[in-house]
Amino acid sequence: MKTISNDIFFAHIEDLLAEGQSALIRVKGYSMRPFMRSDRTQVRIAPLTTCEDLKVGDIVLFRYRGRHIMHRIHRIEGEKITLAGDGNYRQWEQCNRTDVVGIVSHVIKFNGCTIPCSSRRWRLNSALWLALSPFARRVILGILWRVGIK
């Protein structure tokens with residue numbers, strides 16, 4: 001297996017999206033738990049048609065402090081977007097609309113099941129998770145971690 005730097009990888013992803021193509025990437029990290037699992041979940045990133053299409057609840061790939069991060073939009077105020085990972089109950093990021101590179105259109109689980117992010121099931125599960133208090137999410141994530149679901 002060949003390893004390339006994130007800078008080169010995400011530059012290529014941005015080029016694909018700028019050409020109107022989508023990109024399939026494997027999730028790394030634990031900030032989007034419980035819906036996405038590190039090294040087990042893949043996502044299809046689609047290009048944005050316009051930044052006005054963004055809405056609260058969307059998961060986007062965005063530039064933040066020299067890195068590329070994939071998190072969920074929690075608030076949009078004019079040009080400012082507030083985001084956080086589903087597994088983050090204390091940490092938030094802010095970026096401008098122009099920092100958003102693409103939007104997650106599909107989540108592909110480790111068993112091959114593909115879930116469109118526009119589906120009612122996905123939207124309902126996401127809304128229910130976000131409606132939980134930070135304390136409840138922390139407890140659930142802690143239990144999942146202890147039983148080996150990372």
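Owing to the predicted nature of the structure, the values given are computational and were not obtained by experimental measurement.
Considering only residues two or more places apart in sequence or on other chains, E77 meets the salt bridge (charged side-chain N to carboxylate O under 4.0 Å, His left out) condition with R75. Residues satisfying the salt bridge (charged side-chain N to carboxylate O under 4.0 Å, His left out) test with R33, not counting sequence neighbours, are none.
Ion pair D58/R123 flagged as a salt bridge, since at least one NZ, NE, NH1 or NH2 atom sits closer than 4.0 Å to an Asp/Glu carboxylate oxygen.
To the nearest 0.5 Å, the span separating CD on Q42 from CZ on R26 amounts to 4.5 Å. To the nearest 0.5 Å, atom CG of residue L48 and atom CG of residue D53 are 7.0 Å apart. Atom OG of S119 and atom CG of L124 lie 9.5 Å apart (nearest 0.5 Å). Note that the CG atom of L83 and the CD atom of E93 stand 6.5 Å from one another [nearest 0.5 Å]. One distance of note links OG of S22 with CG of L16; it measures 8.5 Å at 0.5 Å rounding. Of the inter-residue distances, the one linking F35 atom CZ with K109 atom NZ reads 7.5 Å to the nearest 0.5 angstrom.
Applying the ring pair (Phe, Tyr, Trp, His ring centres under 6.0 Å) rule to pairs touching residues 97-118 yields nothing, sequence neighbours excluded. Listed by first and then second residue, the side-chain hydrogen bond (donor to acceptor under 3.5 Å, both in side chains) pairs that reach into residues 7-21 are E14-R63, E14-H68, E19-Q21, sequence neighbours excluded. Counting only residues at least two apart or on different chains, no side-chain hydrogen bond (donor to acceptor under 3.5 Å, both in side chains) pair has a member in residues 129-150.
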Derivation and outcome, side chain to side chain contact (heavy atoms under 4.5 Å, CB included), residues D99 and Y64: CA-CA 8 Å; D99 294 320; Y64 181 74; over 6 Å; no

Derivation of the side chain to side chain contact (heavy atoms under 4.5 Å, CB included) call for R121 and N125: CA-CA 6 Å; R121 173 182 161 202; N125 287 342; 3.9 Å; yes

Let's go through M70 and V27 carefully: what are the C-alpha distance in whole Å and the side-chain angles of both, what is the deciding distance for side chain to side chain contact (heavy atoms under 4.5 Å, CB included) to 0.1 Å, and is it a yes or a no? CA-CA 9 Å; M70 186 183 64; V27 173; 3.9 Å; yes

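In terms of heavy-atom proximity, A84 sits nearest to W92 at CB-CE3, 3.7 Å. Across all their heavy atoms, C95 and V100 have their closest contact at SG-CG2, 4.3 Å.
Between the side chain of N88 and the backbone N or O of R90 there is no donor-acceptor pair closer than 3.5 Å. A donor-acceptor contact shorter than 3.5 Å is absent between the side chain of R37 and the backbone of Y30. Here the side chain of S38 pairs a donor or acceptor atom with the backbone of G29 at under 3.5 angstrom.
Counting heavy atoms from C-beta outward, D39 and K28 have side chains that approach closer than 4.5 Å. For the pair L17/V101, a side-chain contact is recorded, criterion being any heavy-atom separation below 4.5 Å from C-beta on. Counting only heavy atoms from C-beta outward, the side chains of I45 and I103 never approach each other to under 4.5 Å. Within the 4.5 Å cutoff, no side-chain heavy atoms of P34 are placed close to those of I149. Within the 4.5 Å cutoff, the side chain of I69 has no heavy atoms near those of the L61 side chain. Side chains of I81 and F62 form no contact here, defined as non-hydrogen atoms less than 4.5 Å apart.
Defined by atom type and a distance below 3.5 Å, a donor-acceptor pair is present between the side-chain atoms of R72 and S126. Using modelled atom types and a 3.5 Å distance limit, the side chains of R44 and S105 yield no donor-acceptor pair.
By the criterion of side-chain heavy atoms lying less than 4.5 angstrom apart, applied directly or through intervening Ile, Leu, Val, Met, Phe, Trp or Tyr residues, F135 is not grouped with L141; the two fall into different hydrophobic clusters. Linking Ile, Leu, Val, Met, Phe, Trp and Tyr residues whenever their side-chain heavy atoms come within less than 4.5 Å places I8 and I13 in a single cluster.
L24 shares a hydrophobic cluster with I108; the chain of contacts runs through ILVMFWY side chains whose heavy atoms sit under 4.5 Å apart.
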